[in-house]
Amino acid sequence: MWYFTRIFILALLAVSSLASCTISENRFFSQSDYDRGDRAVAACIEIECRTLNLDGSPLRDYTVLNGLKHVTVLMVSRTNFVHLDDIADMSHLTELHIRETQVTDLSGLVHFPKLKTLHVSLLHQDVDPAPIANLTSLVELAVTGREDETLDYISSLQNLKNLRVDGGQISGISPLLDLKALRQITLYSELPEDLFDLTKIKNIYSISLLDKYLTPEFQSMFDNRSVVFVSEPIIIC
């Protein structure tokens, strides 16, 4: 039986979700932070790990990661990471997290054609997301919205199942309509007044929006579909 579901999740997500926090452009890292990063790399080399989690643990030289052919998942969020070219030899990566880093140029994504998951949210507002369009194997994408976000670069991502956009002002959502694989969307951004186009995403089962958009009128447009609605979480920075 088809049913209409509404779920409000109010969670304290200080670590996993920082959508409304201020980006720290001059993050200070201590010697112990760098030591923690070095230890993580050394441990990964020793056991030939597949996932190297350096979130919050900076390195002084990221080029040392190029030789880690066993690593398929690299997480360097909240670090001093700047240049994608520094890890250009890691073309085998399937997952890359560079959220809240100092990256200002995404053209280096050309080195990672096998990516299925990419998190690049909370970068500088003027970062051009256009290079993401070439990553046609992406299944999951998290980005930061721009002031006048068209989402045009997303239309080529035909394998995308999970999309998250934090911040900015989305001017239109029509690029999402051709994404046949899309199942989950999280748009914590300012949205156009008319959201009817969201009903045209045939296989969607989870929609997360700012509270002000989750009106009874909006939800009623999905009356005959099994769609879960999730409200904006509470964030503690």
Side-chain angles (χ1 to χ4, degrees), residues 1-11 13 16-20 94-97 99 109 114-123 129-235:
M1 177 178 181
W2 291 106
Y3 60 94
F4 181 67
T5 308
R6 179 178 181 177
I7 297 178
F8 282 99
I9 298 178
L10 298 177
L13 299 174
S16 62
S17 179
L18 298 171
S20 58
T94 60
E95 187 168 334
L96 177 62
H97 298 241
R99 180 173 62 83
L109 288 173
K114 297 181 180 180
L115 284 180
K116 293 184 179 296
T117 297
L118 176 64
H119 288 197
V120 292
S121 54
L122 289 178
L123 300 184
I132 296 175
N134 297 316
L135 300 175
T136 54
S137 294
L138 280 181
V139 174
E140 178 175 315
L141 174 64
V143 297
T144 296
R146 295 168 295 174
E147 189 63 32
D148 184 20
E149 183 59 72
T150 63
L151 297 177
D152 287 345
Y153 64 95
I154 290 176
S155 61
S156 62
L157 307 180
Q158 292 299 310
N159 292 302
L160 195 66
K161 293 183 178 180
N162 189 345
L163 170 66
R164 175 171 180 142
V165 182
D166 286 305
Q169 185 166 1
I170 297 175
S171 58
I173 55 179
S174 58
L176 306 183
L177 303 185
D178 293 328
L179 302 183
K180 307 302 183 185
L182 196 59
R183 301 291 186 272
Q184 296 177 271
I185 55 173
T186 299
L187 304 176
Y188 291 150
S189 311
E190 295 299 317
L191 301 175
E193 183 175 345
D194 185 2
L195 296 178
F196 179 75
D197 275 352
L198 286 177
T199 67
K200 300 177 183 178
I201 305 176
K202 295 183 177 180
N203 296 311
I204 199 73
Y205 69 77
S206 177
I207 299 176
S208 304
L209 305 176
L210 298 177
D211 286 348
K212 64 182 179 180
Y213 297 115
L214 288 177
T215 63
E217 292 76 16
F218 172 75
Q219 294 180 66
S220 68
M221 293 190 293
F222 297 84
D223 268 344
N224 296 319
R225 298 168 63 179
S226 177
V227 177
V228 174
F229 295 94
V230 183
S231 68
E232 180 186 18
I234 296 173
I235 307 297

#### Entry: salt bridge (Lys or Arg N to Asp or Glu O under 4.0 Å) evaluation trace for R164 with D166
CA-CA 7 Å; R164 175 171 180 142; D166 286 305; 2.8 Å; yes
Which pair of heavy atoms, one from [X] and one from [Y], lies closest together, and at what distance?
X    : Y    : result
L123 : V120 : CG-O, 3.2 Å
P192 : I170 : CD-O, 3.1 Å
N159 : T136 : ND2-O, 2.8 Å
P175 : D152 : CG-OD1, 3.6 Å
L210 : S189 : CD1-O, 3.4 Å

Answer whether the closest heavy-atom distance between the side chains of [X] and [Y] falls below 4.5 Å.
X    : Y    : value
L141 : L135 : no
I173 : L198 : yes
S171 : D148 : yes
F222 : T199 : yes
Y205 : S226 : no

Let me confirm one number: the [atom1]-[atom2] distance from [X] to [Y], rounded to the nearest 0.5 Å.
X    : Y    : atom1 : atom2 : value
L118 : K116 : CG    : NZ    : 13.5 Å
K180 : I201 : NZ    : CD1   : 10.5 Å
N134 : S156 : CG    : OG    : 7.0 Å
L122 : R99  : CG    : CZ    : 6.0 Å
K161 : I204 : NZ    : CD1   : 12.5 Å
L177 : K202 : CG    : NZ    : 10.5 Å

### Message
Ignoring hydrogens and geometry beyond distance, is a side-chain donor-acceptor pair present between E140 and H119 at under 3.5 Å?
### Response
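Yes, H119 and E140 have a side-chain donor paired with an acceptor closer than 3.5 Å.
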### Query
Just by distance, with hydrogens left out, do Y213 and E190 show a side-chain donor and acceptor under 3.5 Å apart?
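Side-chain D/A pair, Y213 to E190: present.
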### Query
Under 6.0 Å from the CD atom of E147, do we count more than 12 heavy atoms belonging to anything else shown?
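12 or below, so no.
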### Worked verdict on Y153 versus V143 for side-chain contact (heavy atoms from CB on, under 4.5 Å)
CA-CA 12 Å; Y153 64 95; V143 297; 3.4 Å; yes
### Task
Evaluate side-chain contact (heavy atoms from CB on, under 4.5 Å) for L214 paired with S231, printing each intermediate quantity in order.
CA-CA 7 Å; L214 288 177; S231 68; 4.0 Å; yes
### Pair V139-N162, side-chain contact (heavy atoms from CB on, under 4.5 Å): steps then yes or no
CA-CA 6 Å; V139 174; N162 189 345; over 6 Å; no
#### Entry: side-chain contact (heavy atoms from CB on, under 4.5 Å) assessment of F218 paired with L209
CA-CA 11 Å; F218 172 75; L209 305 176; 3.8 Å; yes
### Message
I'd like to know if D223 pairs up with R225 as an ion pair, taking the criterion as any Lys NZ or Arg NE/NH1/NH2 lying under 4.0 Å from an Asp or Glu carboxylate oxygen.
### Response
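No, no charged N to carboxylate O under 4.0 Å.
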### side chain to side chain contact (heavy atoms under 4.5 Å, CB included) partner of L163, the single match among T186, L176, L138
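Of T186, L176, L138, side chain to side chain contact (heavy atoms under 4.5 Å, CB included) with L163 is met by L176 alone.
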